[in-house]
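Remarks on the structure that follows.
Since we're looking at a predicted model, the values are computed, not measured. By convention here, the first residue in the shown sequence is residue 1.
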Amino acid sequence: REKLVGSFLHCLELMSDAVLAWGGVFGAVFLFGTFAVPMKAGSKTSMNLHPLVFQTYVSIGVFLTSLPVMLLPSWEFSHFTVLGLCSAFMWTLANMMCATVVETLGVSVGQSLWSGMVALVSFFEGLAFGEQLPNPISAAVGIVLLVGGIVGLAFVGTDTAAQSSSLARECLESSCTSALAEAAISTTSVVQPPSITSVARLSSSTSVSRPTSSASVLVTRKPIARGLVLVVWIGLLAGSLFVPLQYTGLKGRDKILFSVSFGFGAPVSSLFFLLAHTLARHCSRGRVQPLGSWAPRQGLLRGTMCGVLWNGGNICSILAQLPPLGLGIGYPLTQSCILVGGIWGIFVFKEITGCRKITYFFVCAAVMLTGATFLGAFK
């Protein structure tokens with residue numbers, strides 16, 4: 001085993017930064033696009049888990065996949081930094097916001113919008129940290145096409161998303177239980193605890209009475225507006241995920257060591273929010289919604305696998321920031337992961353059907369990949 005690890009590390013040393021950077025991009029695109037598959041696989045078994053509970057399970061997988069990085073020869077305990085905890089805190093908060101966005105805007109629309117925001121934010125942050133653009137015109141065209149393709153992919157699943165959103169708004173009007181509308185960060189709701197399968201149950205319903213009154217229109221705009229506001233916050237948080245890395249003093253390939261601090265910070269941040277939820281519930285005398293069942297048999301393995309896949313993509317995205325790509329190009333390129341997620345939905349889970357929708361999907365994918373080509377070409 002030691003010889004195998006040594007040979008692998010030696011191969012990494014021989015690779016150029018450019019090879020590692022592009023390898024990181026492709027690795028992150030695949031792993032980010034696949035990390036939600038364990039949630040979908042075996043979906044016949046209902047998982048009624050509070051988003052904060054499932055986030056805790058995911059953080060376990062993130063922690064476990066950060067440990068092998070400590071085997072690198074360059075690792076020293078002096079590289080452990082509290083900035084990794086800050087980055088993990090931002091990630092946890094953004095993930096919990098995603099629950100509300102998915103409920104109000106739908107999975108396809110919500111994920112596409114925040115992926116586009118993440119790409120934009122990280123692109124401009126790269127410029128803010130002094131990264132040079134030898135060809136600004138190509139970079140501008142590339143980022144516009146990349147974000148446009150990502151957002152365009154959202155409308156492939158608009159019908160399902162719209163149905164889910166209209167059902168959720170119908171529940172808000174009739175004082176029914178809102179699936180994820182108050183998520184884990186809400187401290188005033190008295191509805192039942194949200195679950196990670198609520199959206200799936202909403203979208204499977206077929207009979208919907210849509211609101212038609214003027215009062216209903218005012219009510220239905222509120223969750224959509226809140227979802228769009230949260231999309232901006234998710235973009236700022238997730239797009240700034242590696243800003244703390246810029247202040248660690250880690251250079252070049254040693255930046256991957258940051259993933260150890262992040263991995264330890266993931267369960268710590270989840271524990272923080274769990275304690276905050278418990279304290280809020282105690283102080284409010286039961287007015288804060290409970291976490292509900294933890295269901296470890298159903299959620300632990302799936303959540304851990306999601307965390308393993310996601311952090312694999314996270315580590316690859318750190319490599320994607322090596323020269324010649326950098327933060328401003330490498331990280332936005334990883335948001336092309338929505339293409340992989342769409343392919344899973346088309347060919348495995350049959351979520352996107354019909355020749356017209358599938359053709360539209362691949363047209364938008366071509367636009368997105370063209371943008372990625374423009375971004376990478378001038379580097």
Side-chain angles (χ1 to χ4, degrees), residues 35 39 47 49-67 69-70 77 79-103 114 118 180-189 193-196 229-230 232-245 247-248 257-296 299-300 302-311 313-315 318:
F35 92 96
M39 283 192 290
M47 276 198 307
L49 298 180
H50 192 288
L52 185 52
V53 172
F54 194 74
Q55 171 66 22
T56 303
Y57 290 148
V58 173
S59 68
I60 295 174
V62 172
F63 169 74
L64 293 176
T65 47
S66 69
L67 297 179
V69 179
M70 300 177 70
F77 282 98
H79 291 312
F80 191 89
T81 171
V82 70
L83 293 174
L85 304 182
C86 296
S87 185
F89 182 90
M90 295 163 58
W91 170 71
T92 302
L93 187 57
N95 271 8
M96 291 192 296
M97 289 182 180
C98 290
T100 302
V101 173
V102 166
E103 189 273 333
W114 76 57
V118 168
L180 292 167
E182 298 303 327
I185 56 176
S186 174
T187 59
T188 58
S189 174
S195 68
I196 62 171
V229 170
L230 289 180
V232 175
W233 277 107
I234 292 170
L236 291 173
L237 288 170
S240 305
L241 209 59
F242 293 114
V243 169
L245 172 59
Y247 296 97
T248 59
L257 304 178
F258 182 77
S259 61
V260 176
S261 302
F262 183 92
F264 277 83
V268 171
S269 59
S270 295
L271 179 61
F272 171 83
F273 283 107
L274 286 172
L275 293 176
H277 180 277
T278 302
L279 180 61
R281 181 167 171 76
H282 176 74
C283 295
S284 64
R285 298 180 180 179
R287 287 184 297 173
V288 175
Q289 56 190 6
L291 292 176
S293 174
W294 282 67
L300 179 58
R302 296 187 198 178
T304 302
M305 285 302 301
C306 288
V308 168
L309 291 170
W310 186 90
N311 200 41
N314 187 49
I315 293 173
I318 294 177

Residue pair Ala280 / Val288: nearest heavy atoms and the distance that separates them: O-CG2, 3.7 Å
Set out, in order, the CA-CA distance, both residues' side-chain angles and the distance that settles side chain to side chain contact (heavy atoms under 4.5 Å, CB included) for Phe262 and Asn311, then state yes or no. CA-CA 9 Å; Phe262 183 92; Asn311 200 41; 4.1 Å; yes
Report the distance from atom CG of Leu271 to atom CG of Leu275, rounding to the nearest 0.5 Å. 4.5 Å
Is it the case that atom CZ in Phe272 sees more than 12 heavy atoms from other parts of the structure closer than 6.0 Å? no
Are the side chains of Val260 and His79 in contact, using a 4.5 Å heavy-atom criterion? no
Would you be so kind as to tabulate the donor-acceptor pairs closer than 3.5 Å made by side chains of residues 84-99, with sequence neighbours excluded?
{"unit_1": "Ser87", "atom_1": "OG", "unit_2": "Leu241", "atom_2": "O", "d": "2.6"}
{"unit_1": "Thr92", "atom_1": "OG1", "unit_2": "Ala88", "atom_2": "O", "d": "3.0"}
{"unit_1": "Thr92", "atom_1": "OG1", "unit_2": "Ser269", "atom_2": "OG", "d": "2.7"}
{"unit_1": "Asn95", "atom_1": "ND2", "unit_2": "Gln55", "atom_2": "OE1", "d": "3.1"}

How close do Ile234 and Val118 get, counting heavy atoms only, and between which atoms? O-CG2, 4.3 Å
Write down the atom of Leu49, the atom of Gly299, and the distance for their closest heavy-atom approach. CD1-CA, 3.8 Å
Check whether any side-chain heavy atom of Leu83 sits under 4.5 Å from a side-chain heavy atom of Leu245, and report yes or no. no
Shortest non-hydrogen contact between Thr65 and Val62, atoms and distance: OG1-O, 3.1 Å
Say you draw a straight line from CZ of Phe35 to SG of Cys306; how long is it, rounded to the nearest 0.5 Å? 6.5 Å
Which heavy-atom pair separates Gln289 from His50 by the least distance, and what is that distance? NE2-NE2, 3.9 Å
Aromatic ring pairing Tyr57/Trp294, orientation class (parallel under 30°, perpendicular over 60°, tilted between): perpendicular
Ile315 CD1 to Leu257 CG distance, which is reported to the nearest 0.5 Å: 10.5 Å
Provide the closest heavy-atom pair for Leu52 versus Ser270 in the form atom of the first, atom of the second, distance. CD1-O, 4.5 Å
Can you confirm whether Leu67 sits close enough to Phe264 that some side-chain heavy atom of one is under 4.5 Å from a side-chain heavy atom of the other? yes
Qualifying residues under ring pair (Phe, Tyr, Trp, His ring centres under 6.0 Å), relative to Phe258, sequence neighbours excluded: none
